[in-house]
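Before we start, here is the structure in question, set down as structure tokens.
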2 protein chains.
Amino acid sequence: MLKNTEFTEKLRSSGLRPTKQRLKICEVLFNREKTFHFTINDLVKNISNQLNEKISLATVYNTVHAFKKKGYLKEISINSDKSYFDTNISNHHHFFDEDTNELIDCNDDSIETPNVKKNITGKKINSIEVLIKVATDNQNHN
Amino acid sequence: MLKNTEFTEKLRSSGLRPTKQRLKICEVLFNREKTFHFTINDLVKNISNQLNEKISLATVYNTVHAFKKKGYLKEISINSDKSYFDTNISNHHHFFDEDTNELIDCNDDSIETPNVKKNITGKKINSIEVLIKVATDNQNHN
DNA sequence: TCAACAGTTTAGAATTATTATAATATAGTT
DNA sequence: AACTATATTATAATAATTCTAAACTGTTGA
Ligand SMILES: [Mn+2]
Ligand SMILES: [Mn+2]
Ligand SMILES: [Zn+2]
Ligand SMILES: [Zn+2]
């Protein structure tokens, strides 16, 4: 549970001005026990629920992208409809529940990061991510 | 190299009427030595290049989704901008070159499908896919 | 053979996530 | 306080995708 002044410091130290919009978004995103996944729309709803003031949609996009660039968020693409963001910035993998559209972190005891035996020449590996799609086992034969 | 009559049979056997649009799309997608990845826009361009007639965008979308539903194509989400489709329907993994936005199949000697040690209760695993993002190793410190 | 009908194609409109614009406001600095 | 770079905002623009509803076509069975 970071305080407001700590967010201020964190933002300033990464070259982002601690505006009241950014501080509020920090509260919503990082004042939590557990990490979580969200869409921009989820975040906009959370902001108007948990806080009195409104933050413009453009600012929410700007801030999320700024936080991603600074490494405070990760972006996850499951389908082309919308982007998911993750406050868990550690290297980890995901289950995606196709029934509920829910994204769930894999623990280390669920799966291990696979070993890349041959990489593409001249390229650096930026990330290795496993996505496990699951659904209820109802045998649909359409 | 399948012939037109073979595509006709394939379509009919999966409950899709072999219209001339679908047969043309089959030619463009499946009359190849190697599998490949494409976007809807790529496919539309290929159609107007390789063939005389034009197929409406709505039909291209309809057909690609129908083929995906029948298991003749796979959809891959790398970023939220657009969907990629894959004529390689086998279980395999991908490199994504962030410099060129190119999607490249992993061979079995590049990576092995990771083992899922614990699945979510009551759910069936539909797919396990690894995505390796690579880029040129130029040390950008912005 | 051919009428009937379900399935398909199509142009264009609608939807939706995201990005761009450009005017206004604010934070940090002197 | 004044200055300047940054940030916010409402709104417009963009772009991928889906929807609509009218016209067309493949299949079937009388
Ligand atoms: Mn889709
Ligand atoms: Mn994006
Ligand atoms: Zn996660
Ligand atoms: Zn592939």
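Numbers restart at 1 for each chain; the letters A, B, ... are given by sequence-line order, proteins then strands. Just so it is clear, the structure is predicted and the values come from calculations on it, not from any experiment.
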So, does B:Thr19 get its side chain near the phosphate of C:dT9, meaning an N or O under 4.0 Å from OP1 or OP2?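 For C:dT9, OP1/OP2 do have a side-chain N/O of B:Thr19 under 4.0 Å.
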Tell me whether the OP1 or OP2 atom of C:dT19 has a side-chain N or O from A:His65 closer than 4.0 Å.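 Yes, because at least one side-chain N or O of A:His65 sits under 4.0 Å from OP1 or OP2 of C:dT19.
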Rounded to whole Å, please give me the gap between CZ in B:Phe67 and C1' in C:dT8.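 Atom CZ in B:Phe67 sits about 13 Å away from atom C1' in C:dT8.
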Indicate, with a heavy-atom threshold strictly under 4.0 Å, whether A:Thr59 touches base, sugar-phosphate, or nothing.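 Result for A:Thr59 = base.
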Can you tell me if A:Arg17 touches the phosphate of C:dT26, counting only side-chain N or O atoms and a distance under 4.0 Å to OP1 or OP2?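 Looking at the OP1 and OP2 atoms of C:dT26, neither is under 4.0 Å from any side-chain N or O of A:Arg17.
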When rounded to the nearest 0.5 angstrom, what distance separates NZ in B:Lys54 from CD1 in B:Ile47?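 Answer for the NZ-CD1 pair, B:Lys54 versus B:Ile47, is 10.5 Å.
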Apply the test salt bridge (charged side-chain N to carboxylate O under 4.0 Å, His left out) to residues B:Glu9 and B:Arg12: give CA-CA distance (whole Å), side-chain angles for both, the deciding distance (0.1 Å), then the verdict. CA-CA 5 Å; B:Glu9 266 325 292; B:Arg12 239 194 292 260; 3.8 Å; yes
Presence of A:Tyr61 side-chain N/O under 4.0 Å of C:dT18 phosphate oxygens OP1/OP2: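 Yes.
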Nearest of C:dA17, D:dA10, D:dA7 to any side-chain atom of A:Lys82?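 Nearest to the side-chain atoms of A:Lys82, counting from C-beta on, is C:dA17.
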Check A:Lys82, A:Lys68, A:Lys69 against A:Glu75 for a salt bridge (Lys or Arg N to Asp or Glu O under 4.0 Å) and give me the one that passes.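 When salt bridge (Lys or Arg N to Asp or Glu O under 4.0 Å) is applied between A:Glu75 and each of A:Lys82, A:Lys68, A:Lys69, only A:Lys68 qualifies.
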Heavy-atom pair of closest approach, residues A:Ile89 and A:Gly71: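 Shortest heavy-atom contact: CD1-O, 3.3 Å.
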Would you kindly compare A:Ala58 and B:Arg22 by the position of their nearest DNA chain C nucleotide and give the one closer to the 5′ end?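 Taking each residue's closest nucleotide, the earlier one in sequence belongs to B:Arg22.
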Which whole-number value in Å describes the distance from A:Lys69 NZ to C:dT19 P?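 Atom NZ in A:Lys69 sits about 13 Å away from atom P in C:dT19.
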So, OP1 or OP2 of C:dT10: does either fall under 4.0 Å of a side-chain N or O from B:Gln21?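 Yes, within the criterion.
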Distance below 4.0 Å between A:Thr39 side-chain N/O and C:dA17 OP1 or OP2: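 Indeed not, no polar side-chain atom of A:Thr39 lies that close.
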For B:Gly15 and B:Ser56, take the nucleotide of DNA chain C holding the closest heavy atom to each; which residue's nucleotide lies nearer the 5' end?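 Looking at DNA chain C, the more 5' nearest nucleotide goes with B:Gly15.
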Closest-nucleotide mapping onto DNA chain D: is B:Pro18 or B:Leu57 further toward the 5' terminus? I mean the 5' end.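 Nearer the 5' end of the strand: B:Leu57.
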Side chain to side chain, B:Phe67 and B:Ile25, heavy atoms closer than 4.5 Å: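 Yes - at least one pair of side-chain heavy atoms lies under 4.5 Å apart.
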For the pair made of CD in A:Glu9 and C1' in C:dA27, what is the distance, rounded to whole Å?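 My rounded result for the distance is 14 Å.
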To the nearest angstrom, how far is A:Glu53 atom CD from D:dT8 atom P?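 Value for this atom pair: 13 Å.
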Rounded to whole angstroms, how far apart are CG on A:Leu16 and C1' on C:dT26?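 Rounded to the whole Å, the gap is 15 Å.
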Hydrophobic clusters here meaning ILVMFWY residues chained together by side-chain heavy-atom distances under 4.5 Å, can you tell me if B:Phe85 and B:Ile78 are in one?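 No; tracing contacts between hydrophobic side chains, which count when under 4.5 Å, never links both residues.
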Distance check: side-chain N/O of B:Arg12 vs OP1/OP2 of D:dG26, anything under 4.0 Å?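 No, outside the criterion.
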How large an angle, rounded to 10°, do the end axes of the helix from C:dT1-D:dA30 to C:dT30-D:dA1 enclose when each is built from five base pairs?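 That helix has its two terminal axes inclined by roughly 20°.
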Whole-Å distance separating the NZ atom of A:Lys70 from the P atom of D:dT6: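 Rounded to the whole Å, the gap is 11 Å.
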Working to the nearest 0.5 angstrom, can you tell me the gap between A:Leu43 CG and A:Phe36 CZ?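 Between A:Leu43 CG and A:Phe36 CZ, I get 7.0 Å after rounding to 0.5 Å.
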Rounded to the nearest 0.5 Å, what separates atom CG in B:Asp42 from atom OH in B:Tyr84?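 Output value for this atom pair is 8.0 Å.
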Rounded distance in Å - CG (A:Leu43) to P (C:dA17):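 From A:Leu43 CG to C:dA17 P: 14 Å.
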Counting any heavy atom closer than 4.0 Å, what does B:Asn62 reach on the DNA or RNA strands: base, sugar-phosphate only, or nothing?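 Counting heavy atoms under 4.0 Å across all strands, the contact made by B:Asn62 includes a base.
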Rounded to whole Å, how long is the line connecting atom NZ of A:Lys20 with atom P of C:dT26?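 So the two atoms are 6 Å apart, to the nearest Å.
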